[in-house]
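Since the structure comes first, as structure tokens, the remarks are kept for the end.
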Amino acid sequence: MHLTKEEENILAGGAGNAAAKSMKILVALGEIYGAENLIPIRSVQIAGVSYHNLGDPGLEYLAELAEDGQVKVTTTLNPAGMDLENWKNLGISPDFAEKQEKVIEAFERMGVITCCSCTPYLIGNLPHYGEHIAWSESSAVTFINSVVGARTNREGGPSAIAAAMIGKTPAYGLHLEENREPDITFEVEADVKSLPDFGALGYFIGNNAKGKIPYIRGLKSASLDQLKSFGASVVTYGSKPIYHIEDMTPEAEKHKAPGESITVTAKDLKESYDSLNDDTGDIEFVSLGCPHCSIAEIGEIADFLEGKKVKDGVELWIATARPTKQLSDTRGYTEVIEKAGGKFACDTCMVVAPLKGRFKNVATTSAKACFYCRGKNKMLVKTGSFEQCLDAAVTGKWR
Ligand code: F3S
């Protein structure tokens with residue numbers, strides 16, 4: 001890979017230890033993937049923030065980088081293992097909280113905006129069409145490539161930090177026009193209307209795309225929240241972190257529908273729902289906001305919960321970014337939700353928080369959350385609309 005004189009100097013240690021380590025990672029990646037050079041990026045989003053995933057070796061690595069490293073571009077974080085202010089309210093242990101705070105302090109010393117969200121595009125880290133960025137979290141990467149048309153690979157935590165330290169990333173993969181072309185068409189005949197319908201569609205397409213880029217036809221409309229849920233699902237179950245929807249997403253018009261084609265019928269959607277749902281019995285835990293809730297979704301939750309109470313013995317979490325929660329405070333939604341017994345889980349979510357063993361099951365609107373809650377946290381899952389999930393929170397039943 002070609003390096004400029006300045007980049008060679010950084011690699012040789014001329015800009016300090018953290019910058020040299022970071023440049024080493026970028027050069028190694030670039031060489032593995034055949035990149036010709038490094039390209040400037042506009043922003044970074046770093047995953048691997050939860051102490052639950054990092055452990056002590058991860059914390060030590062961050063502390064070392066923080067000694068002389070400073071990020072060069074706008075950089076935000078993926079959800080951490082706890083609500084950074086109200087962790088006690090979510091049943092997090094003081095030992096875990098102490099370690100998680102050290103992780104956040106290390107990022108702060110590096111100049112990172114320590115706002116922890118998988119929807120950075122809703123809270124000010126919003127690139128525009130065609131811009132190069134280096135983001136990590138799979139649903140955020142899929143949304144930003146597909147719906148906005150910015151360009152990023154799905155970075156690992158260390159490569160995202162390295163890109164932030166240098167302000168550049170190797171030019172390969174989804175940064176290059178030729179790698180953004182769709183490989184397989186999905187003709188959607190099924191009626192896809194609600195948020196969980198989009199999750200179930202993502203489940204079907206991800207499973208059948210098998211690592212290819214989908215080109216989707218037949219969808220009449222989709223809201224931003226439906227597309228964020230669809231992207232989270234489609235990438236979790238197997239597609240590359242980009243999709244094109246005819247007459248909807250910005251790069252679709254550049255491409256023809258690929259010849260290899262699969263039709264998505266009402267039966268396929270129903271079978272996807274069946275595969276996503278377990279036989280749970282009474283619901284113990286309801287978690288909404290995967291990806292993190294938008295303010296519109298929080299408004300919907302508050303409307304439903306007005307004058308109702310979460311059933312004793314059921315825990316209800318609303319996962320969102322802290323700035324979105326602050327908006328919810330001023331709109332009066334927070335008061336309604338907390339009065340009903342719901343809890344805000346800012347900066348975190350049910351997948352990255354240390355929840356294993358705490359709940360037998362979870363109800364969620366998210367097909368992505370089904371995958372991780374089953375696999376990582378060993379919970380049984382139900383997926384459905386906000387209304388169904390909130391009904392489960394107040395009755396303990398899935399109806
Ligand atoms: Fe976000 Fe956690 Fe879901 S990071 S996409 S809420 S698994």
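We count ligands from 1, going down the list as the structure has it; atoms in each ligand are counted the same way.
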Task: Heavy atom of S138, distance to ligand 1 below 4.0 Å - done: no
Task: Closest protein heavy atom (residue, atom, distance) for atom 1 (Fe) of ligand 1 - done: C118 SG, 2.4 Å
Task: Test side-chain hydrogen bond (donor to acceptor under 3.5 Å, both in side chains) applied to Y215 and E181, E246, E260, the passing residue - done: E246
- [ ] Side-chain contact test, heavy atoms from C-beta onward, threshold under 4.5 Å: evaluate it for N153 versus H175 and give yes or no.
- [x] yes
Open item on the list: Would S139 count as a contact residue for ligand 1, given that I'm defining contact as a non-hydrogen atom of the residue lying under 4.0 Å from a ligand atom?
Closed with: yes
- [ ] Might you confirm whether atom CZ of R331 has over 12 heavy atoms from other residues, nucleotides or ligands at distances under 6.0 Å?
- [x] no
TODO: Determine whether the aromatic ring centres of F96 and W87 lie less than 6.0 Å apart.
DONE: no
Open item on the list: If you take the centroid of each ring, where Trp contributes its six-membered ring, are F230 and Y243 closer together than 6.0 Å?
Closed with: yes
Open item on the list: Give me the residue, atom name and distance of the protein heavy atom closest to atom 5 (S) of ligand 1.
Closed with: K368 NZ, 3.4 Å
Open item on the list: Please find the pair of heavy atoms, one from E284 and one from R358, that lie closest to each other, and give the distance.
Closed with: OE1-O, 4.4 Å
Task: Ligand-side contact atoms (ligand 1) for residue partner V351, heavy atom cut-off under 4.0 Å - done: 7 (S)
TODO: Could you list the atoms of ligand 1 found under 4.0 angstrom from a heavy atom of P79?
DONE: 4 (S)
- [ ] Below 4.0 angstrom from a heavy atom of G289, which ligand 1 atoms are there? Numbered from 1 as shown, please.
- [x] 6 (S)
Task: Within-4.5 Å side-chain heavy-atom neighbours: L305 and L316 - done: yes
Task: Nearest protein heavy atom with distance in Å, relative to atom 2 (Fe) of ligand 1 - done: C349 SG, 2.3 Å
Open item on the list: Taking atom NZ as the centre, does K270 end up with more than 12 heavy-atom neighbours from other residues, nucleotides or ligands that are less than 6.0 angstrom away?
Closed with: no
Open item on the list: Heavy-atom pairs closer than 4.0 Å: do any link ligand 1 to the side chain of E137, the backbone, both, or neither?
Closed with: side chain
TODO: Please report which non-hydrogen protein atom sits nearest to atom 3 (Fe) of ligand 1, along with the residue it belongs to and the distance in Å to one decimal place.
DONE: C290 SG, 2.3 Å
Task: Non-hydrogen atom of A232 closer than 4.0 Å to ligand 1 - done: no
